[in-house]
Engineer: 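Mind looking over this structure? Questions follow.
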Amino acid sequence: MSGKSSLRIVELLERARIEGDWTHVSQYAEQLPREYSVLKFVSLGECLLEGQQNGKISYNSLHLAKDYISKALNTKNDRDGQYYKEAMLLQAKTCYIQGKFQECLDILDKVDMESMRKDVLTFNASRALADAYVYKGMAMEYLKFMSNSDEDTGIQSIVECYETAGDLGLELLNSISRSTLNLTLSGVLEIALLRSFLLQMSHGMVEEGLNRLRRILQTADVPGSETLRLTLSLTLGQVLLQGLPDNQWSPLVHRETASDTLSKRNRSTPTLKKYETVFCPCNKVEEALLSLLIGQVLLYKEGCVSVHQEDEQAYKQANKQAHTLLNLLVSLLARYSQYRPLSDVIEKFLKYSHDDEHICKTVRTVPHLLRAVRPRSCCSPEVSRPKSGRFHRASPGSDVRATLTAAR
C-alpha cells in the first residue's frame, strides 16, 4: 500500500472516530498497514467499548476490547506515541467498567494526564483524555464513598477532575462547530458537567456551583449541545425553585469567580459567547423562569415531545424532561399570577404532545390553581381549543379559567 493511500485511510478513520461511525471505524482499521498497528488496535478496542447500543457492553466485547488494547500497549512504535497514551486511557476505562477503581487510578497516574493536557493533541486524543478525567473523578468519588468518610477532604480534587473533563469537552464542541463534522458530547462528559455542579452545591459551595453552571450554559451555545443545554437548564431551574434559599442566591456577574480555577491551573477555558445585549436576572425567580423558558425553546427545537421519536429510550427521556418542565413552569407562573404566559406555555405543550396523559392531567389541574389565587381580571387574549383540535386566539375579555377548562 502506498504512503498516500495509508494517509488517506488514517484520515478517514480519524473522521469516523470523531463522528462515532463505529461500523466504518472497524472497516478502516482493518485496512491499515503494519506500521500503524497501534492505531489499528486502539481503534478496534475503542470501537468495541463505544459502539455498543444503549451504552451496555457485553462480557465478550469487553474481553475482546482488552485484548486489542493489550496488543496496542505491547507494540512498540515511536511514531505512535500519542496512540500509545490513548491505549493506556482506554485500559483505565476497562478497569473502571470492571469495578477495579484503584487500578484505574494507578493507570491514569502513569499516563501523567496534566503533562498530556499541555501537549498538542489530536481531536480523538483530547476526547479520550476528557473521558479519562471523568473516570478518574468517578473512581475517586466511589472510593471516598466506600471509605465512609464524611469529611470534605478530596472533594475539591474530584470537582477539578470533573471541571477539567467538562472544559475539554466544551472546547471540543467549540472547535468542531466551525467544521462540517457531526459531534455530540458523550454521556460521561455530560455526567462530568452535572456532577461538578452538584458536588459543589451539596458541599456548601453554592456561589461557586451556580457560577459554574451559568458559565457552562454560556459556553455550550454551539450546535450539537442542545440536549446538554436542555438538561442543564432544567437542572438550574429545579435547583433555584426547589433547593436554594433566597438568601443564598447571588446575581449573575461577568467576572472570574472563586470556582473558576482553570486559569490558576494554567489551562485554557472555553470561549464565552459574545452578545450585544445581555439580560441579567435581578432575583432568583427571574433566573429560574429564564432558565425554564430556555429549556422550553430547546425542547421544541429538538422536537423532543414529538410522538414520532424513533429511539424509544430517547423518547421516554424527552417525555420525562417535558413533564418536569411543564410542572415547574405551571407552578411558577400560577404562583405569580402570570396568566398570559401560562396560557402560552399550555398551548405549546398541547400542540406538541396533546395526547400525552401527564400533560393533559396537568392542564386539567390549572383551573384549580387559578381559582386558588383568585385573579381579579383576565382581559388578555388567551388560548382556547375547539373541538376540531386546532388552536386559535380567544376574544379579549374571555375568562382564562373557562379557556383552560375548554383545553381539557
Side-chain angles (χ1 to χ4, degrees), residues 14-20 46 50 82-83 85-86 88-90 92-93 108 111-138 157-197 199-200 208-209 211-233 235-236 254-275 298:
E14 293 288 1
R15 183 185 181 95
R17 290 177 66 197
I18 292 174
E19 297 182 341
E46 183 184 28
E50 301 291 345
Q82 194 169 111
Y83 296 126
K85 292 182 179 180
E86 282 190 55
M88 294 190 69
L89 297 178
L90 290 176
K93 179 177 180 178
L108 293 177
V111 179
D112 191 8
M113 294 191 294
E114 285 298 328
S115 63
M116 187 178 176
R117 175 70 177 87
K118 299 176 183 178
D119 297 336
V120 179
L121 302 176
T122 63
F123 184 93
N124 290 306
S126 297
R127 183 165 58 182
L129 181 61
D131 287 347
Y133 270 109
V134 183
Y135 289 115
K136 181 178 181 179
M138 291 192 295
S157 299
I158 298 173
V159 170
E160 287 181 3
C161 288
Y162 288 142
E163 286 185 348
T164 306
D167 291 332
L168 279 169
L170 293 175
E171 288 176 14
L172 295 176
L173 275 179
N174 288 329
S175 64
I176 212 69
S177 63
R178 297 184 291 271
S179 67
T180 58
L181 297 174
N182 298 319
L183 173 71
T184 56
L185 278 180
S186 64
V188 290
L189 289 178
E190 292 186 9
I191 291 174
L193 292 170
L194 285 172
R195 287 300 297 168
S196 62
F197 161 70
L199 280 176
Q200 287 175 322
E208 292 85 347
N211 288 328
R212 173 69 183 172
L213 187 54
R214 291 162 174 168
R215 186 179 183 85
I216 294 172
L217 285 170
Q218 287 180 286
T219 55
D221 190 9
V222 293
S225 63
E226 288 80 6
T227 303
L228 170 65
R229 289 162 58 202
L230 172 60
T231 303
L232 295 177
S233 298
T235 302
L236 179 59
H254 297 282
R255 59 179 175 80
E256 182 181 342
T257 62
S259 66
D260 194 4
T261 58
L262 307 180
S263 59
K264 297 178 182 178
R265 294 196 293 271
N266 296 322
R267 48 190 171 88
S268 58
T269 60
T271 305
L272 290 174
K273 289 290 181 178
K274 301 296 184 182
Y275 301 99
L298 293 170

Engineer: What pairs with K93 under side chain to side chain donor-acceptor pair (under 3.5 Å), at least two apart in sequence or on another chain?
Structural biologist: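 For K93 the side chain to side chain donor-acceptor pair (under 3.5 Å) partners, ignoring immediate neighbours, are E50.
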
Engineer: Between V159 and R212, is any pair of side-chain heavy atoms under 4.5 Å apart?
Structural biologist: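 The answer is no; the side chains never approach within 4.5 Å.
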
Engineer: Please name the pair of heavy atoms, one in M116 and one in A125, separated by the smallest distance, quoted to 0.1 Å.
Structural biologist: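 Minimum heavy-atom separation between M116 and A125: CE-O, 4.5 Å.
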
Engineer: Using the ring pair (Phe, Tyr, Trp, His ring centres under 6.0 Å) criterion, which residues pair with Y133? Sequence neighbours excluded.
Structural biologist: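 Scan of Y133 (ring pair (Phe, Tyr, Trp, His ring centres under 6.0 Å), adjacent residues dropped) gives none.
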
Engineer: Assess whether side chain to side chain contact (heavy atoms under 4.5 Å, CB included) is satisfied between N211 and R214, documenting all intermediate values.
Structural biologist: CA-CA 5 Å; N211 288 328; R214 291 162 174 168; 3.1 Å; yes

Engineer: Testing V111, L108, T164 for side-chain contact (heavy atoms from CB on, under 4.5 Å) with K136, which one passes?
Structural biologist: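 Single side-chain contact (heavy atoms from CB on, under 4.5 Å) partner of K136 among V111, L108, T164: L108.
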
Engineer: Restricting to non-hydrogen atoms, name the atom on L89 and the atom on A132 that form the minimum distance, rounded to 0.1 Å.
Structural biologist: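 Nearest heavy atoms, L89 then A132: CD2-CB, 3.6 Å.
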
Engineer: Taking the side chain as every heavy atom from C-beta outward, state whether M138 and I191 have any pair of such atoms under 4.5 Å apart.
Structural biologist: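 Of all side-chain heavy-atom pairs linking I191 with M138, at least one is under 4.5 Å.
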
Engineer: Which residues satisfy the side chain to side chain donor-acceptor pair (under 3.5 Å) test with T122, sequence neighbours excluded?
Structural biologist: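 T122 satisfies side chain to side chain donor-acceptor pair (under 3.5 Å) with Q82 only.
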
Engineer: Over all heavy atoms of both residues, which pair between L217 and S233 is shortest? Give the atoms and the distance, please.
Structural biologist: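 Minimum heavy-atom separation between L217 and S233: CD2-OG, 3.9 Å.
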
Engineer: Which heavy atom of A165 sits nearest to which heavy atom of V134, and what is that distance?
Structural biologist: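 Heavy atoms of A165 and V134 come nearest at CB-CG2, 3.3 Å.
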
Engineer: Is E114 salt-bridged to R117, going by a charged N under 4.0 Å from an acidic O?
Structural biologist: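 Looking at E114 and R117, the cut-off is not met.
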
